[in-house]
Structure formats: structure tokens, C-alpha cells
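What follows is a short report on a single structure.
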Number of protein chains: 2
Amino acid sequence: MDVEVLFFDVLGTVVDWRGSIAAKAQLFLTRHQIDSVDAEVFADAWVGRYDAAVEVVRAGERDFVPLDVVNMENLKACLDDFGLAPTAFPQAELEELNLAWHRLNPWPDAIEGLSKLKQRFVIAPLSDGNTRLLVNMAKQAGLPWDTILGADIFRAYKPMPEVYLGACELLGVNPERAMLVAAHDYDLDAARRCGLKTAYIHRDHAQDPSKADSPRLSGEWDVTAGDLIELAAVLR
Amino acid sequence: MDVEVLFFDVLGTVVDWRGSIAAKAQLFLTRHQIDSVDAEVFADAWVGRYDAAVEVVRAGERDFVPLDVVNMENLKACLDDFGLAPTAFPQAELEELNLAWHRLNPWPDAIEGLSKLKQRFVIAPLSDGNTRLLVNMAKQAGLPWDTILGADIFRAYKPMPEVYLGACELLGVNPERAMLVAAHDYDLDAARRCGLKTAYIHRDHAQDPSKADSPRLSGEWDVTAGDLIELAAVLR
């Protein structure tokens with residue numbers, strides 16, 4: 001297929017945001033002796049606000065703000081929803097909880113799979129996360145990226161085409177020689193419209209609660225794999 | 001000093017551009033049986049055109065073009081200067097020679113020094129090179145960057161302040177918590193004006209022939225070191 005660069009969706013595809021954020025939320029709730037709130041329900045509610053929050057940026061109704069800012073706004077709204085006044089907590093504690101997004105745990109196959117893929121391809125995340133969030137995550141988890149492309153480089157959120165096309169331009173590659181690897185149909189569909197190749201990774205928990213209402217696209221992707229180690233075998 | 005991010009000048013500071021380009025130029029000249037041209041003189045002449053070529057971008061007289069494009073234009077002009085018509089060579093051969101910039105060899109201390117510094121700091125190149133050039137260089141040489149920031153991200157060349165300030169913004173760090181590591185006074189001086197800390201690395205061959213006429217600034221830098229391993233020891 002003559003692909004030389006692999007871009008990766010990160011949240012859900014490379015790391016388990018749902019489990020990681022629920023675990024950090026549990027620590028926060030326990031520390032504050034709040035046992036009326038289920039940490040997994042809280043995590044889903046927090047992430048559930050994500051899509052609508054960035055949609056106003058996509059629609060040009062709000063200037064670009066990085067995901068760290070979006071996440072903090074959503075965290076406060078979410079606490080409110082659960083009857084917990086954000087002002088009742090020290091700001092430093094909220095910031096610490098917000099950093100849960102910088103410390104998401106990779107899926108068990110991610111590091112081995114990426115390391116194999118790196119031998120043959122240039123590998124880079126292409127994520128709605130901001131660059132520092134992705135840098136911290138990679139450093140903590142040992143994700144062996146060649147470079148990191150956060151949404152703040154393009155000042156746009158997926159599936160806006162300038163993200164995919166801007167990434168190809170920075171990596172000096174024609175779109176048909178780049179491939180997006182993702183566990184989400186809408187992301188792959190947008191990449192394909194920009195001319196990139198597509199690889200679908202099946203993740204049981206990839207479903208984004210903020211996109212529960214989105215239609216599932218009948219994707220005919222270039223490659224499908226169960227995880228990143230399998231992807232490396234398929235692309236060998 | 002409370003620094004968390006180290007930015008590195010690359011050409012001259014981390015890699016030996018002069019020796020690397022002269023070696024690739026020698027291969028090219030030998031293949032074409034041109035023995036009237038000294039490869040080191042040719043390399044100096046090629047790089048010597050660099051500063052004037054990007055100055056028109058800095059001055060706003062030309063839209064940003066990535067270093068790969070600047071280097072190719074300069075290569076052709078340089079061949080002309082040496083009495084060699086660029087059109088006498090296959091374009092693919094000129095492109096191959098231009099890729100010498102993607103394959104510059106690190107100074108002997110660079111990988112060990114960067115690996116040590118990476119344990120404590122976020123480390124990233126901040127270079128006039130374009131992102132793909134820096135990615136290829138890192139991949140070939142094994143430079144262990146956390147992420148890579150090419151001039152094409154900012155569409156500006158150093159010492160334009162938007163490069164230093166843009167890099168700090170992407171890495172989510174206030175300038176006073178970032179440090180530029182460089183072997184060139186003009187670069188450190190510009191970083192300091194933007195509020196960054198500065199580390200001067202002494203490189204015998206760092207002198208850029210394109211800047212031979214620049215005044216040497218009497219730098220009082222925050223840190224001075226003989227190489228990157230020594231820098232890691234100083235910043236421990």
C-alpha cells in the first residue's frame with residue numbers, strides 16, 4: 001500500500017480513557033468521602049460532555065481552546081450535575097483530577113504494537129488532546145511516538161479536515177501515503193474523505209458515551225485488526 | 001531553577017551538520033567525477049546561503065516555506081556558483097543530496113546526554129528544520145525526543161519570537177519554566193528576550209558560515225556546558 005506514516009487516534013484507540021478516568025475519579029470521591037456517586041457513571045458523564053463542548057469550536061462559534069480547558073469546564077459542570085459545588089473543592093484538587101487525562105493507561109497491546117510499527121513506519125498520535133497532554137501521557141506510559149501532534153497545533157478538532165491535512169503537510173507526506181488508525185468510525189470516515197488510508201481497531205470499550213447517538217457508519221476500511229500487535233502483523 | 005521543559009537548537013548544537021553535509025556532498029561529487037570542487041567548501045557555501053534565504057521570510061517579504069524547500073533552492077544556486085548547471089543532474093539525485101539534511105550525525109555526546117536529560121525534563125528540538133526533516137533525523141540517529149517542533153508548526157524562523165513563545169504555549173509551560181539549549185548566541189539571546197532560561201553549549205564547529213558577520217553577543221547565560229552530558233550533570 002506504500003504507506004509511510006501512521007497517525008493514531010489516542011483516546012479509546014491507544015489508551016483506556018474510560019477505566020483510567022474512573023479510577024482517578026474514584027480516588028477523588030473517596031478522598032472527599034462522597035459515596036453517593038459512582039465513579040464510572042461520573043467518568044462517563046464527564047466524557048459525555050466532551051463532544052458537545054468541542055462542537056462549538058468545530059462550528060466556528062467559539063475560538064479554539066485546548067482540551068485541558070474543555071475538560072476543566074466539563075469537570076465543573078459535571079460536579080454541578082451530581083450536586084457537588086465545584087467551589088467546595090480546592091482548585092488545586094480539581095486541577096489534579098483534570099490531569100487524569102494526562103495519565104491514561106495504554107491498552108495492554110499498545111506499547112508492543114507501536115514499537116513494532118515504529119520499525120517500519122513513522123508513528124504519531126493525531127488526537128483531540130493538546131500537545132502537552134499527549135507528551136505527558138507518552139512519557140508516563142512509555143508510548144514510543146516519533147513525534148506528537150496535538151489538536152492545538154492545528155487549532156481544530158477532529159473530524160475537521162484541517163487536522164488530517166495539516167498532519168500530512170507537517171509530516172511531508174501525501175494523504176494516500178498516510179493511514180489513520182482508530183477505533184471510531186467517524187474519525188476514519190473523515191480521514192478517508194481527506195484521502196488517507198484507514199485502519200479500524202476493534203476496542204470493546206472504545207464507544208464514546210458522548211457519541212452514543214451518532215449513526216454507526218458502514219465502514220469498509222483498508223485494514224481491520226483486533227489490536228495494535230495484530231495491526232503490525234497485518235502491515236508487515 | 002524550576003525548569004520543566006528543555007528546547008534544543010539542533011543544527012550545530014545536537015548534530016554536526018557541517019561534517020555530515022560535506023560527507024554527502026563528497027559522495028555526490030565523486031559519483032559525478034567532479035574533482036575540481038572541495039566538498040567542505042561546497043558544504044560551507046550551501047549552508048552559507050541559508051541565513052539570507054530565510055531572512056526574507058523573517059522580514060515578511062516571502063511567505064513561509066519549509067527548510068527542505070529553502071535547502072533545495074540553495075543547493076541549485078550553489079551548484080551554479082561552482083559552475084555546475086543544476087539541470088545537468090537528475091532531479092532525483094538533487095533530492096537525494098538535499099536529504100543529507102535529514103541524516104545529520106549527532107555529536108558523540110548527544111544521545112547519552114539527551115537520554116539523561118529526558119529522565120528529568122520534557123525534551124524537544126526547536127529548530128528551523130521542518131518537522132519531517134527532524135523526525136527522519138531522530139529516527140535515523142536515535143535521538144530520544146519527547147516530541148518534535150519544526151519551524152513549519154509556527155511558520156516562522158528563529159529568532160522570531162513566535163517560535164519560542166509558540167513552543168512554550170504548545171508545551172503548556174510558562175517561558176520562565178522553559179530553557180533553550182543552543183550553541184549560538186543569537187538564538188539564546190532571542191529566547192532570553194522571550195523570558196526563557198538559557199544554556200550555552202560550546203561546540204567547536206558550531207560556527208555557522210552564514211552568520212560569520214554577526215556580532216558575537218556577550219552572553220551571560222544561565223548555564224554553560226561543554227556538551228550535553230555535562231549539561232545533564234549541571235542540571236541534576
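Chain A is the first sequence line, chain B the second, and so forth, proteins listed ahead of strands; every chain is numbered from 1. The shown structure was predicted, so the numbers you read here are calculated from the model rather than taken from an experiment.
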Would a 4.5 Å heavy-atom cut-off, applied to side chains only, mark B/Val173 and A/Arg132 as touching? yes

Is it the case that over 12 heavy atoms from other parts of the model lie below 6.0 angstrom from the NZ atom of A/Lys118? yes

Pairwise distance CD1(A/Ile153) to CZ(B/Phe154) - rounded to 0.5 angstrom: 7.5 Å

Kindly give the heavy-atom pair with the smallest separation between B/Leu171 and A/Thr131, and that separation in Å. CD2-CG2, 3.9 Å

Using non-hydrogen atoms only, which part of B/Val135 is less than 4.5 Å away from chain A: side chain, backbone, both, or neither? side chain

B/Glu169 atom CD, neighbour heavy-atom count above 12 within 6.0 Å: no

Measuring from B/Leu149:CG to A/Thr147:OG1, what's the distance to the nearest 0.5 Å? 7.0 Å

Can you measure from CG (B/Asp146) to CG (A/Leu134) and round to the nearest 0.5 angstrom? 12.0 Å

Counting only heavy atoms not in A/Arg193 (residues, nucleotides, ligands), do more than 12 fall under 6.0 Å from its CZ? no

Does atom CD of B/Glu230 have more than 12 heavy-atom neighbours, drawn from other residues, nucleotides or ligands, at distances under 6.0 Å? yes

Contact leader toward chain A among B/Asp68, B/Val122, B/Val5, where contacts are heavy-atom pairs under 4.5 Å: B/Val122

Under 4.5 Å to a heavy atom of chain A? For B/Asp152 that would be both

